[in-house]
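I have placed the structure first, in the form of structure tokens, so that the comments after it can refer back to it.
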Amino acid sequence: MAIEKITERVTSVGAQDWHRRLFDELIPLPDGTSYNAYLVKGSSATALIDTVDPTKQKELLSNLNRLGVDRIDYVISHHGEQDHSGAIPAVLEAFPEAQVVTNAKCKTMLKELLLLPDEKFKVISNEASLSLGDLTLQFFDMPWVHWPETMVTLLKEEEILFSCDFFGSHLASSSLFEKIDETVISSAKRYFAEIMMPFSSTIRNHLKKVRELSPRMIAPSHGPVHKDPSVIVGQYEDWTSDVKKPVVLVPFVSMHGSTRAMVEHLVDALSERHVKVKPFDLTVADIGELAINLVDSAVLVLGVPTVLGGPHPVALHAATLVNALRPTIPYVTMIGSYGWGGNTEGVIKESLKNLKTELLTPVMIKGHPEEPAFDQLDKLADEIASKCKQLDN
Ligand code: FEO
């Protein structure tokens, strides 16, 4: 990644990962990502804020070399996950005088994940400050954005909040000063949906603290910096709220067309009732798109056929992900076809047990749907339309 000045004394030295297409071997990255690391030069000490994924450590070291950095006093580690911490061992090898500054929980993680020795750490407590001479770093624990140890750092004199994953987006770009437009907000929402959504209620409290700190810039460790923090903070306030849109999501899979026929009937029935509906064929859908829509949609209808006595594994996988992401979705149900029996309904209900939701009556039918099944789907569409109307009022 190109070295980029953020301010006179803060320089971006991290790496773009233009071609990465999967994170955690699970999350699609349609626009790549970046691992932002920031060099902060005070009059008496220099700090490196986070590092990069180990696959990009050569770029980080090369950037530091090109800048002529001959000493790093502190490596601030906000988060143990290796896309930010993974190059710490390489940095410590190149700059043996550096101390790793972090909280006690993160220290334990870094020791376990990176096998770093005890003497390399300087442990700080919540709201502690660290002087770099004419600059001051202040640390704030913000657990569960998105691991238990996560923290952020305020560069007090310049009012820059380094937020690591918080407010980040998986978006590779040629400048960290990318205009914060629809594309960036959409990437940030995808990022929120995929890793932050399970912790929405905790994040709501952190947002109050961020408002109180009132930074003039937020510099995350993925994606562009936010020169007007109120935009991304406002978006996070919306995404973590319990206000839902009257939108129905229908992720489905179908083996021989019966469940698909049910899905198509329901989608048409909802459309005719002026209810916004979004079907997702799980065999080709970007699961991240489904996650984004789970942030603020009101209804989920899983289309799930029965195979070998239970739910089709592709639909079960989707249910497991939804359960892990814990969206606050008010209404959930399922529709699908079976050949002769099985416990699809029971397994799916169990797999969604984290959700605090009202379960509408499922429509599970034998064989290909005919009029009685379509009547049931029409009744379900009526019920959903009525729920959505209430949300609109
Ligand atoms: Fe970007 Fe949770 O690491």
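All ligand and atom numbering here is 1-based and tracks the order in the structure. Sequential numbering from 1 along the given sequence is applied to the chain's residues.
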Please output the side-chain donor-acceptor pairs of residues 298-320 that fall under 3.5 Å, not counting sequence neighbours, one pair per line with the distance.
from	atom 1	to	atom 2	distance (Å)
Thr306	OG1	Thr344	OG1	2.6
His312	ND1	Val314	N	3.0
Thr320	OG1	Leu316	O	2.8

**Study point:** Any Val322 side-chain heavy atom under 4.5 Å of Leu294 side chain
**Key:** yes
Review point. Can you name the N/O/S atom of His146 that is nearest atom 2 (Fe) of ligand 1?
Key: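 Per the distance ranking, His146 contributes NE2 as its closest N/O/S atom to atom 2 (Fe) of ligand 1.
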Exercise for review: Using 2.8 Å as the cut-off, count the protein N, O or S atoms closer than that to atom 1 (Fe) of ligand 1.
Suggested key: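 For atom 1 (Fe) of ligand 1, the figure is 4.
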Review point. Counting only heavy atoms not in Glu97, do more than 12 sit closer than 6.0 Å to its CD atom?
Key: yes
Check your understanding: What residues form a ring-ring contact (aromatic ring centres under 6.0 Å, His included) with His206, not counting sequence neighbours?
Key -> none
Review point. Would you call the rings of His79 and His84 parallel, tilted or perpendicular, where under 30° means parallel and over 60° means perpendicular?
Key: tilted
Check your understanding: What pairs meet the salt bridge (Lys or Arg N to Asp or Glu O under 4.0 Å) rule with one or both residues in residues 160-183, with sequence neighbours excluded?
Key -> none
